[in-house]
Chemist: 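The structure is given below, and queries will be raised subsequently.
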Protein chains: 2
Amino acid sequence: MANQISLDDTFAALADPTRRAILARLLDGEASVAELAQPFALTVRAISKHVGVLEQAGLVTRSRAAQKHLSRIELKPLRDIDRWLDGYRKLWEGRFDRMEDLLRRGADKPE
Amino acid sequence: MANQISLDDTFAALADPTRRAILARLLDGEASVAELAQPFALTVRAISKHVGVLEQAGLVTRSRAAQKHLSRIELKPLRDIDRWLDGYRKLWEGRFDRMEDLLRRGADKPE
DNA sequence: TAGTTCTGGAACTATTTGGTTCTATAAAAG
DNA sequence: CTTTTATAGAACCAAATAGTTCCAGAACTA
């Protein structure tokens, strides 16, 4: 039972553009802190802290290879957000002619 | 051009359980601040501020009917998050036998 | 062994956040 | 006109956040 990550932590981690950019970078494969820091006008330490936040949120795991600690993206928290969105997605996906009313008046929602 | 909402603001707004609960409540229809505050052990003012944050993030709009200001959920920022997730969704939706390698080694991603 | 590289810990700072209380204002109800 | 109701503004506070700099340790390299 390694994970018990809250949506709170995941959303908070994603609320920073630097961290989202780091995640996007990790789509191209594992990277060290120094490598991740390269595109940014921030200290390596600052990036190290960002990676720490991502790790706390379960969005990244690390494995040390020599003195390089390689970060790797983890998808589960993103899937959790996706599932949270399910509760709302039907409201914009369906072509409900009365959707306006549904949201305003709170009529019985479509099944 | 009313909206220019950032993912930053949206994710940050969603990083609070009270605010997510307010959003869920609004699926049942518009509500006043006082109504929204009812389930919580917080002051009405605190809920009013939460609604303000949601409004800043474009997740809620308000219309005042009499002295009650009715809050209503807005879906666009959620759709924006959904589209942001698109960049990652393919990685957990597809059954890529080499997905492990893709994330670790950063091999050429599937089309 | 000595030097270099990569990273995290510690301490500090400025800003933001989530909450409170008290006050002011606008509108409805008496 | 007075009172009640619903909300936001202002001031305040404690805790969290994002950044910095400096230092220490672990592991390669010469």
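Per chain, numbering begins at 1; letters A, B, ... match sequence-line order.
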Chemist: In whole angstroms, how far is the C1' atom of dG18(C) from the CD atom of Q56(B)?
Modeler: 16 Å
Chemist: Once you round it to whole Å, what is the distance between P of dT16(C) and CZ of F11(B)?
Modeler: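 It is 21 Å, rounded to the nearest whole Å.
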Chemist: How does each nucleotide of nucleotides 19-24 of chain D score, in 5' to 3' order, for protein heavy atoms under 4.0 Å: base (B), sugar-phosphate only (S), or none (-)?
Modeler: BBB---
Chemist: When the distance from CG of L36(B) to P of dA8(D) is rounded to whole Å, what number comes out?
Modeler: 11 Å
Chemist: To the nearest Å, give me how far apart CG (D8(B)) and P (dT15(C)) are.
Modeler: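 Atom-to-atom, D8(B) to dT15(C), this comes out as 19 Å.
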Chemist: Nearest 0.5 Å please: distance from the CD atom of E74(A) over to the CG atom of L26(A).
Modeler: 10.5 Å
Chemist: Rounded to whole angstrom units, what separation is found between the CD atom of Q38(B) and the C1' atom of dA6(D)?
Modeler: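 Atom-to-atom, Q38(B) to dA6(D), this comes out as 15 Å.
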Chemist: Passes side-chain contact (heavy atoms from CB on, under 4.5 Å), F11(A) versus T10(B)? Steps please.
Modeler: CA-CA 9 Å; F11(A) 277 124; T10(B) 307; over 6 Å; no
Chemist: Between D16(B) and R20(B), does at least one N-O distance fall below 4.0 Å, as a salt bridge requires?
Modeler: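 So D16(B) does not pair with R20(B) through a salt bridge.
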Chemist: Starting from P on dT7(D), measure out to CG on L54(B) and report it in whole angstrom.
Modeler: 15 Å
Chemist: Can you tell me how far C1' of dA26(C) sits from NE2 of H69(B), to the nearest Å?
Modeler: 8 Å
Chemist: Sort and list the pairs that fulfil side chain to side chain donor-acceptor pair (under 3.5 Å) and have at least one residue in residues 47-59 of chain A, not counting sequence neighbours.
Modeler: R19(A)-H50(A), R45(A)-S48(A), E55(A)-R62(A)
Chemist: Measuring to OP1 and OP2 of dA8(D), would you say a side-chain N or O of S48(B) lies under 4.0 angstrom away?
Modeler: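 Checking dA8(D) against S48(B), a side-chain N or O does come within under 4.0 Å of OP1 or OP2.
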Chemist: If two hydrophobic side chains count as joined below 4.5 Å and joins carry through other members, does V53(B) share a cluster with L75(B)?
Modeler: no
Chemist: With a 4.5 Å cut-off on side-chain heavy-atom distances among I, L, V, M, F, W and Y, is there a chain of contacts connecting I47(A) to L70(A)?
Modeler: no
